[in-house]
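These notes concern the structure reproduced below.
Note that the structure is predicted; figures quoted are calculated from it, not measured. In what follows, every chain begins at residue 1, and chains take the letters A, B, ... in the order their sequences are listed.
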2 protein chains.
Amino acid sequence: MNVRSYNLCPMARTSGSHSDITGPRLRAAAQRLFARQGYAAVSMRQIAAEVGVQAGALYNYIPDKQGLLFDLMKSHLDDLIAAWQAEAKGQNPLDALECFTRFHIRFHLERPDAVFIAYMELRNLEPENFAVIEDLRKRYETVLEDILRAGKESGVFSLPDTKLATMAVIAMLTGVTTWYRDDGRLSRDRIERIYWNMVRKAVGA
Amino acid sequence: MNVRSYNLCPMARTSGSHSDITGPRLRAAAQRLFARQGYAAVSMRQIAAEVGVQAGALYNYIPDKQGLLFDLMKSHLDDLIAAWQAEAKGQNPLDALECFTRFHIRFHLERPDAVFIAYMELRNLEPENFAVIEDLRKRYETVLEDILRAGKESGVFSLPDTKLATMAVIAMLTGVTTWYRDDGRLSRDRIERIYWNMVRKAVGA
DNA sequence: GTCTATAGACTGATAGAC
DNA sequence: GTCTATCAGTCTATAGAC
């Protein structure tokens with residue numbers, strides 16, 4: 001949480017020290033390229049060119065390419081869980097499910113690249129990194145599972161199988177990212193409403 | 001549709017002519033490896049080792065690596081569309097939707113590797129190949145969209161938006177492939193039933 | 001902190017022997 | 001149809017100058 005000082009620098013330089021901006025730019029470039037071409041198809045030279053430095057300079061900020069991928073995925077999932085915790089309030093199951101439905105769609109549509117990487121690059125994680133990411137992903141799924149279970153137990157929802165309903169709803173909501181376009185037919189809010197209508201009926205509420 | 005003759009060959013050979021088995025083995029090995037590691041992360045030498053030949057020999061069967069990927073994806077989608085056409089009968093929308101739901105789950109669970117590749121490797125297709133695959137994918141989506149539209153128009157389904165319902169149902173059903181395990185808690189038939197229960201309610205039937 | 005240069009290994013694809 | 005050998009290029013990551 002240091003105060004950033006580069007704005008105060010009186011000289012613009014084309015080379016030299018840029019520690020406070022190269023790091024974020026590296027992560028942004030990698031996220032964009034990994035999402036478009038895939039982790040395995042992107043070279044460190046390509047990322048470096050996007051950042052505007054030589055490839056060797058990247059290793060001042062990351063241990064290796066794998067560490068860069070892991071960092072991007074973990075940050076995304078940490079953000080997701082933190083954002084939900086900030087959003088969730090003590091609610092009855094029906095309101096909680098509507099809140100989750102709209103939150104999930106909204107959060108995912110705001111970060112298409114991070115979402116794409118989180119779903120597509122799991123197989124490129126080394127085993128120990130994969131275990132960390134899987135754990136975070138399951139923790140998030142549990143949020144929805146808990147809502148559905150509470151609603152089923154209190155008789156508000158009618159569900160043949162809580163676990164399958166969890167997977168079905170998450171898949172349905174996340175699927176929005178595969179077809180949504182900013183210039184599309186429907187606004188995000190309209191999409192949220194339509195999906196909530198379908199989710200509500202699917203869980204028998 | 002030639003009669004296969006290698007079963008009649010009296011001699012087992014470790015090298016030489018194997019045109020009638022190397023082709024299928026190549027496709028099978030590539031499908032397995034692409035699904036597990038991703039197209040970009042798999043080398044032709046790795047595929048060749050799995051097949052039991054040297055890398056150069058593969059080029060007797062494929063024009064290049066891209067052609068191999070395209071062939072796998074196109075075959076999968078051709079199979080999918082052909083299988084649905086064999087399955088579909090003249091039915092009312094409700095029966096047709098149940099038929100589609102169960103068909104989609106069953107077909108996808110039987111071919112996990114092909115499904116994985118079809119969804120994950122789209123970005124590794126060259127533009128002209130991508131266009132072909134996208135067209136086939138959309139043709140299959142239209143099957144469901146037509147069922148939902150017919151049901152909505154005849155008043156059997158209650159849908160806020162036919163196009164979004166199409167995407168939502170496909171995403172929900174395809175999602176089964178991400179968590180299904182052969183030794184899991186539920187049989188495939190039980191899963192089909194549970195999903196049909198949720199789909200039926202989601203479309204307001 | 002970024003540069004240049006490079007080690008050491010791997011890549012897709014092809015040529016020609018058999 | 002498969003082999004060996006190879007081309008010409010790519011890759012990640014590091015060392016050392018500045």
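Applying the side chain to side chain contact (heavy atoms under 4.5 Å, CB included) criterion to B:Ala88, with sequence neighbours excluded, gives B:Trp84. Partners of A:Gln46 under the side chain to side chain contact (heavy atoms under 4.5 Å, CB included) rule, at least two apart in sequence or in another chain, are A:Leu33, A:Gln37, A:Val42, A:Ser43.
Minimum atom distance to the side chain of B:Gln54 is reached by D:dC3, of the listed D:dC3, C:dG1, D:dT2. Distances were taken from every side-chain heavy atom of B:Val53 (C-beta onward) to each of D:dC3, D:dG1, D:dC11; the shortest belongs to D:dC3.
The aromatic rings of B:Phe34 and B:Tyr39 lie perpendicular to each other, with more than 60° between the two planes, well past the 30° mark.
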* **From CA spacing to verdict: side-chain contact (heavy atoms from CB on, under 4.5 Å), A:Thr166, A:Thr142** => CA-CA 8 Å; A:Thr166 303; A:Thr142 304; over 6 Å; no
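The pair B:Arg36-B:Asp113 meets the salt-bridge criterion, since a charged nitrogen lies less than 4.0 angstrom from a carboxylate oxygen. Checked for salt-bridge contact, B:Arg149 and B:Asp146 meet the test: a charged N lies under 4.0 Å from a carboxylate O.
Side-chain nitrogen and oxygen atoms of A:Ser43 include none within less than 4.0 Å of the OP1 or OP2 phosphate oxygen of D:dT10. Here A:Thr22 does not reach the OP1 or OP2 of C:dG1: none of its side-chain N or O atoms lies under 4.0 Å away. Of the side-chain N and O atoms in B:Tyr61, one or more sit less than 4.0 angstrom from OP1 or OP2 of D:dT2.
A:Val51 comes within 4.0 angstrom of no nucleic acid atom, judged by non-hydrogen atoms across all strands.
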* What string of B, S and - do you get for nucleotides 13-18 of chain C, 5' to 3', when a contact is any protein heavy atom under 4.0 Å? -> BB----
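Atom CZ in A:Arg25 sits roughly 16 Å away from atom P in C:dG1 (whole-Å rounding). The CD-C1' distance, from B:Gln37 to C:dT11, rounds to 15 Å in whole Å. Computed from coordinates, the B:Phe34 CZ to C:dG12 C1' distance equals 12 Å when rounded to whole Å.
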